[in-house]
Number of protein chains: 2
Amino acid sequence: MDWSIQDIARIAGTTSRTLRHYDDIGLLKPSRTGHNGYRYYSQAALVQLQRILLLRGLGLGLPVISQVLDDEADAAKALTGHLEWLKQEQDRLARQIASVMQTIEAVKGGGEIMAEDMFNGFDHTQYKDEVEERWGKDAYAKGDSWWRGMGADEKAAWKQRSQQLGEDWIAAASAGIAPDSAEAQAIAKRHVEWLTGIPGTPAADGKSGDVKAYVTGLGEMYVADPRFAKNYGGAEGAGFVRDALKVYAEQNL
Amino acid sequence: MDWSIQDIARIAGTTSRTLRHYDDIGLLKPSRTGHNGYRYYSQAALVQLQRILLLRGLGLGLPVISQVLDDEADAAKALTGHLEWLKQEQDRLARQIASVMQTIEAVKGGGEIMAEDMFNGFDHTQYKDEVEERWGKDAYAKGDSWWRGMGADEKAAWKQRSQQLGEDWIAAASAGIAPDSAEAQAIAKRHVEWLTGIPGTPAADGKSGDVKAYVTGLGEMYVADPRFAKNYGGAEGAGFVRDALKVYAEQNL
DNA sequence: ACTTGACCTTGACGCTACGTCAACATCTAA
DNA sequence: TTAGATGTTGACGTAGCGTCAAGGTCAAGT
């Protein structure tokens, strides 16, 4: 009335190693163990195995499967959540495919993978007044000397990061997600980390409270100043950035 | 003229751990090492790092990136190959999404994740005559007793595997890929493994040569017999199966 | 009874690309 | 001088098994 480990492996279309693994992690125990340590499985175990393989085929992780099997009422919930994850992955893939195609074209045309001056139209010095007014002349002097001291490569790198952040912000805002969603907050985290790269600002050397004020203040400036707002998709996108940064600052700084 | 590990990490938007990792695997060595063991990176290293991060962002693996950096002429080729992989992943995701949605509906409606009689319309005994004629009365007797000795669960499992194989074959055939392609051969491999689950046939207990003849013979039967052919999408699909099995048998059995 | 050969067991390493301690050395600014 | 930031080299963890390694067990044939 029961089968050896190879038997069910073949019946269910999997391997004995997998069954031993499921035993190890407690996902599917053999229904009986021989005096010699051999694992034997009954019909009930086979049904469970089928379910496991079905769910695994849908892409669910083993811990989730375990939980679903414990309480089948959760199945619909777990699957719905998983569906969301799958859709996000699909989006991510679509974006990557577009990027790769674009890069292929660039490589075919230009030759070099990445020219040094990929990023133009970014002039750090144009914000001199604002920085002085808000954070003091001293801050700007330090910040500016830091910027002028950079090599072309470093400047390019800096531009790339800021541009990437801008793109991600715009994508997030137009995706219709909430500013306090995990995705938006992840970008906010990167944004703040990026800010800490500017010496002389509260973000780089300040205590938690100062950084909080600095970040929220910046968010407001992004909305108010169209020169900044355009980096984030205009006033609307900048508003999203401001809201997201505000939430992030309050929760983490 | 060079930066510490934290400096470039911040400049490039990554972490020092990542840079140490790249050093360990030889992907990006520091341009200079201090007497104290500290890593220092030059502008050239920064440019390399930028390229690495760009390619990584496109989803390429580190070994591939390493190779592309060694010979930039390969970039377009590597990217094109990667693009294919991305598209396949996209397809897989699309199928998974469809399956998950379908399963959600089934769970909502039916309650149970998998009822025992999910698979109907499959009658093992209907092929009695063919089996006897081709492989001898003895073979059928053994095969049939084996089948009748199965529990409902086991029968269901068997049906599921055969049905799954049928679906995969149809998908492969309609995808327009070649019978000797890696994907088709992978299904063929599974098909043969599935066949070995039938005791009394050459596939289960035979020597290599017998199995080869058996498998190729089966392939022909799938085409000739509409009752089998319909499991593989009709005569055309069965033809694809036959060709794939033939290639597999010749190369592996 | 003895030998094969198939099948079983428990470890334990490998894979991707790092994150995350741990324990300890070094540099920097007050 | 000393605290705090930053650096170093291990080494473990991650998801889900594949893949040896080394050694017991079992069924069948001689």
Side-chain angles (χ1 to χ4, degrees), chain A residues 2-30 32-41 49 52-53 55-67 82 85 89 142 186 189-190 193 196-197 199-200 204-208, chain B residues 2-30 32-41 49 52-53 55-66 82 85 89 186 189 193 196-197 199 204-208:
Chain A
D2 41 30
W3 304 280
S4 78
I5 195 168
Q6 284 280 30
D7 289 341
I8 31 158
R10 266 196 294 262
I11 292 172
T14 183
T15 70
S16 58
R17 178 66 179 89
T18 297
L19 288 161
R20 276 191 274 271
H21 183 56
Y22 291 170
D23 186 5
D24 286 347
I25 66 174
L27 178 55
L28 181 67
K29 294 283 182 187
R32 186 171 72 80
T33 305
H35 65 290
N36 45 16
Y38 283 26
R39 295 172 176 80
Y40 295 101
Y41 295 82
L49 179 55
I52 290 170
L53 296 178
L55 295 173
R56 195 194 55 173
L58 297 178
L60 276 81
L62 299 189
V64 177
I65 292 177
S66 172
Q67 167 193 330
H82 182 56
W85 150 262
E89 279 295 293
K142 281 164 91 175
K189 183 164 185 289
R190 283 171 47 212
E193 287 166 356
T196 63
D205 48 28
K207 294 169 294 295
S208 167
Chain B
D2 40 31
W3 305 280
S4 78
I5 195 168
Q6 283 281 30
D7 289 342
I8 33 157
R10 266 196 293 264
I11 290 172
T14 183
T15 71
S16 59
R17 177 66 178 87
T18 297
L19 288 162
R20 277 191 275 269
H21 183 56
Y22 291 169
D23 186 4
D24 286 347
I25 66 175
L27 178 55
L28 181 68
K29 295 282 183 187
R32 185 170 70 80
T33 305
H35 66 289
N36 45 16
Y38 282 26
R39 295 171 176 81
Y40 294 100
Y41 295 82
L49 178 56
I52 291 171
L53 295 178
L55 294 173
R56 193 193 59 174
L58 296 177
L60 277 81
L62 299 189
V64 178
I65 292 177
S66 171
H82 182 54
W85 150 262
E89 279 295 291
K189 183 164 187 287
E193 286 166 357
T196 63
D205 48 28
K207 295 171 292 296
S208 166

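Below, read A as the first sequence line, B as the second, and so on, with proteins coming before strands; counting in each chain starts at 1. Note that the structure is a prediction, hence the values are computed from the model and not measured.
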> Quantified as the angle between the terminal helix axes (five pairs each), what is the overall bend of the helix from C/dA1-D/dT30 to C/dA30-D/dT1 to 10 degrees?
30°
> Taking side chain as C-beta onward, heavy atoms only, is B/Leu49 less than 4.5 Å from B/Leu19?
yes
> When rounded to the nearest 0.5 angstrom, what distance separates CD1 in A/Ile5 from CZ in A/Arg10?
11.5 Å
> Separation of A/Asp7 atom CG from C/dC7 atom C1', in whole Å?
10 Å
> Whole angstroms only, please: what is the CG-P distance between B/Leu49 and C/dC18?
11 Å
> With respect to the side chain of A/Ile5, which nucleotide from D/dC26, C/dA17, C/dC8 is positioned closest?
C/dC8
> How many Å lie between CZ on B/Arg32 and C1' on D/dG7, as a whole number?
14 Å
> If you count heavy atoms of other groups shown closer than 6.0 angstrom to NZ of B/Lys189, is the number above 12?
no
> From C/dC8, D/dG7, D/dG16, pick the nucleotide closest to the side chain of A/Ser4?
C/dC8
> Taking atom P of C/dC18 as reference, at what distance in whole Å does atom CG of B/Leu60 sit?
13 Å
> Which value, rounded to the nearest 0.5 Å, describes the distance between B/Asp2 atom CG and B/Tyr38 atom OH?
14.5 Å
> Among the nucleotides C/dC18, D/dT25, D/dT8, which one has an atom lying closest to any side-chain atom of A/Tyr38?
D/dT25
> In residues 14-27 of chain A, what residues come within less than 4.0 Å of DNA chain D, judged by heavy atoms?
A/Thr15, A/Arg17, A/Thr18, A/His21, A/Tyr22
> What is the distance, to the nearest angstrom, from the CH2 atom on A/Trp3 to the C1' atom on D/dC26?
21 Å
> Measure from the side chain of A/Gln6, starting at C-beta and using heavy atoms only, and say which of C/dA17, D/dC26, C/dC8 lies closest.
C/dC8
> What is the distance, to the nearest angstrom, from the OH atom on B/Tyr40 to the P atom on D/dT6?
13 Å
> Find which nucleotide of DNA chain C each of B/Arg56 and B/His35 is nearest to by heavy atoms, and output the residue with the more 5' nucleotide.
B/Arg56
> Examine C/dA25: is either OP1 or OP2 under 4.0 Å from a nitrogen or oxygen in the side chain of B/Asn36? Give yes or no.
no
> Is the shortest heavy-atom distance from the side chain of A/Pro30 to the side chain of A/Tyr40 under 4.5 Å?
no
> How would you label the contact of B/Gly34 with the nucleic acid (heavy atoms, under 4.0 Å): base, sugar-phosphate, or nothing?
nothing
> Measure across A/Leu53 and A/Ala12 and return the closest heavy-atom pair with its distance rounded to 0.1 Å.
CD1-O, 3.5 Å
> Should A/Arg20 and A/Ser16 count as side-chain neighbours, where that means a heavy-atom distance under 4.5 Å?
yes
> Just call it for A/Pro63: base, sugar-phosphate, or nothing, with non-hydrogen atoms closer than 4.0 Å on any strand.
sugar-phosphate
> Mark yes or no for whether A/His82, through its side chain, and A/Leu58, through its backbone, hold a donor-acceptor pair below 3.5 Å.
yes
> Nearest 0.5 Å, please: how far is OG1 in B/Thr18 from CG in B/Leu27?
11.0 Å
